[in-house]
Structures are given as structure tokens and as C-alpha cells.
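Start at 1 and go down the list; that is how both ligands and their atoms are numbered. All residue numbers refer to positions in the sequence shown, counting from 1.
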Amino acid sequence: MTPEIEAMIRVDHAGEYGAARIYAGQLAVLGRRESAPVLREMQEQERQHLDRFADMIARRRVRPTALLPLWHVAGFALGAATAVLGERAAMACTVAVEEAIDAHYAEQIAALDDGEAELRDTLSTFREDELHHRDIGLQHGAEQAPGYRLLSAAIRTGCRLAIRISERV
Ligand SMILES: [Fe+2]
Ligand SMILES: [Fe+2]
């Protein structure tokens with residue numbers, strides 16, 4: 001396995017870990033609101049994504065990022081903070097995160113050849129799920145969240161930064 005492949009698995013594991021924590025944070029605030037069932041549905045899919053990468057980390061002996069404790073807190077905080085702003089802001093968070101992840105997975109898929117078919121297929125499947133989450137966010141009024149453009153840009157920048165850091169550390 002090349003260092004590049006190892007970095008891919010490391011960052012994707014970190015990202016899915018963070019995603020599951022974002023939904024945990026959102027549900028801590030919005031657990032009884034109208035959007036709770038759809039948040040739970042997305043959280044469940046993130047758990048499946050996380051399980052798959054956790055399995056890959058173990059099987060292929062990839063070192064996980066040292067920053068899992070940070071993403072544990074930061075993911076939950078991002079989810080809870082956007083949820084406190086309202087259901088539409090929570091959905092705006094999902095849309096922004098998924099846009100960043102979509103670009104990230106597309107980049108990785110393009111870099112993989114048949115030697116890494118399993119990883120490539122996994123990423124393609126997960127990317128579809130993430131795009132579905134983005135669409136759910138849009139259908140639930142993400143773009144009507146107060147300060148949508150600023151919020152969205154800030155979260156996308158944060159995600160890209162988290163990706164770059166998790167590949168290396
Ligand atoms: Fe995911
Ligand atoms: Fe997602």
C-alpha cells in the first residue's frame with residue numbers, strides 16, 4: 001500500500017467519524033423536532049460509512065489520525081451550534097459538509113486505478129449517499145437559513161482544512 005492510499009483511508013475514516021459526530025450534535029439539540037427522523041436516517045448512514053472505514057483501517061493496518069479526539073469534539077460542536085441556529089441552519093451545515101466531501105471523494109476516485117477497485121467502489125457508493133444527504137438538506141430549506149452564504153462558505157473552508165490536516169497528522 002502506498003503512503004497516498006494510506007493517507008486516503010486515514011482522512012476518510014476521520015471524515016466519516018466527524019460526520020457521525022455532527023449528526024449526534026444536531027440530534028442533541030433537535031432530537032424532538034420535525035427534522036429528527038431525517039437526521040437519524042443520515043446519521044445511520046454515516047455510521048455505516050464509519051464502520052466500513054474502521055474495518056479498512058484495521059484490516060490494512062492504517063494508522064488512524066491522531067486527531068480523532070479533536071474531531072469528536074469539533075464535529076459535535078459544529079452540529080450542535082448549527083442546530084441551535086435552527087433546523088434550516090442545521091441543514092445548511094449538512095449541505096456545506098456534503099459539498100466539500102463530494103469534491104473530496106471525486107478527487108480520490110479519479111486518483112484510484114483498478115489495483116484499488118474495492119476502495120474506489122466504496123468511495124463511489126458513499127459519494128452517492130453524501131449527494132443524497134446534500135439533496136435532503138436542500139429540500140429542507142438549507143438555502144433559506146439566515147446567513148446561508150457566509151455559514152456555508154465558513155463550513156466548507158473548515159472541512160477542507162480538516163481534510164488537509166487529517167491526511168497528514
Ligand atoms: Fe458519510
Ligand atoms: Fe453524509
Side-chain angles (χ1 to χ4, degrees), residues 7-31 35-58 62 64-65 67-68 70-83 87-112 116 118-143 145 148 151-167:
M8 278 189 194
I9 297 173
R10 177 179 307 119
V11 64
D12 293 350
H13 173 256
E16 298 296 352
Y17 183 86
R21 290 296 291 164
I22 291 172
Y23 288 110
Q26 292 187 343
L27 280 160
V29 177
L30 299 172
S35 53
V38 69
L39 292 175
R40 278 197 195 93
E41 191 187 309
M42 292 192 282
Q43 183 187 39
E44 179 49 37
Q45 269 184 326
E46 302 302 358
R47 276 207 201 106
Q48 289 169 15
H49 295 174
L50 175 59
D51 285 351
R52 186 83 69 87
F53 280 113
D55 178 61
M56 251 188 251
I57 285 247
V62 171
T65 174
L67 297 175
L68 285 185
L70 175 60
W71 304 142
H72 187 85
V73 175
F76 190 91
L78 176 62
T82 51
E87 291 180 283
R88 290 176 301 181
M91 293 296 173
C93 171
T94 293
V95 171
V97 170
E98 302 298 12
E99 280 174 354
I101 301 304
D102 169 46
H104 168 69
Y105 278 164
E107 209 176 280
Q108 287 191 340
I109 290 164
L112 291 169
E116 287 288 348
E118 188 207 356
L119 179 57
R120 196 180 52 192
D121 293 349
T122 297
L123 294 178
S124 296
T125 306
F126 288 3
R127 187 176 167 221
E128 292 295 315
D129 292 342
E130 310 302 8
L131 288 171
H132 178 57
H133 297 166
R134 178 203 61 190
D135 292 343
I136 288 173
L138 291 171
Q139 284 156 15
H140 286 79
E143 291 166 308
Y148 174 72
L151 183 67
S152 167
I155 293 172
R156 273 182 282 131
T157 301
C159 286
R160 283 197 292 265
L161 189 64
I163 287 168
R164 294 302 159 235
I165 295 170
S166 298
E167 281 170 344

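- The N, O or S atom of E98 with the smallest distance to the Fe ion (ligand 2) is OE2.
- Side chains of W71 and T65: a donor-acceptor N/O pair is absent below 3.5 angstrom, by distance only.
- Between the H104 side chain and the A100 main chain, no donor and acceptor come within less than 3.5 Å of each other.
- The N, O or S atom of H49 with the smallest distance to the Fe ion (ligand 1) is ND1.
- Checking side-chain atoms of E87 against main-chain N and O of S35 turns up a donor-acceptor pair under 3.5 Å.
- Restricting E16 to its N, O or S atoms, the one at the least distance from the Fe ion (ligand 1) is OE1.
- In this structure, ND1 of H133 and OE1 of E130 enclose an angle of 100° at the Fe ion (ligand 2), rounded to 10°.
- The backbone N or O of A90 lies less than 3.5 Å from a partner atom in the side chain of Q26, making a donor-acceptor pair.
- The Fe ion (ligand 2) sits nearest to atom OE2 when only the N, O or S atoms of E46 are considered.
- With sequence neighbours excluded, the residues forming a salt bridge (charged side-chain N to carboxylate O under 4.0 Å, His left out) with E44 are R47, listed by chain and number.
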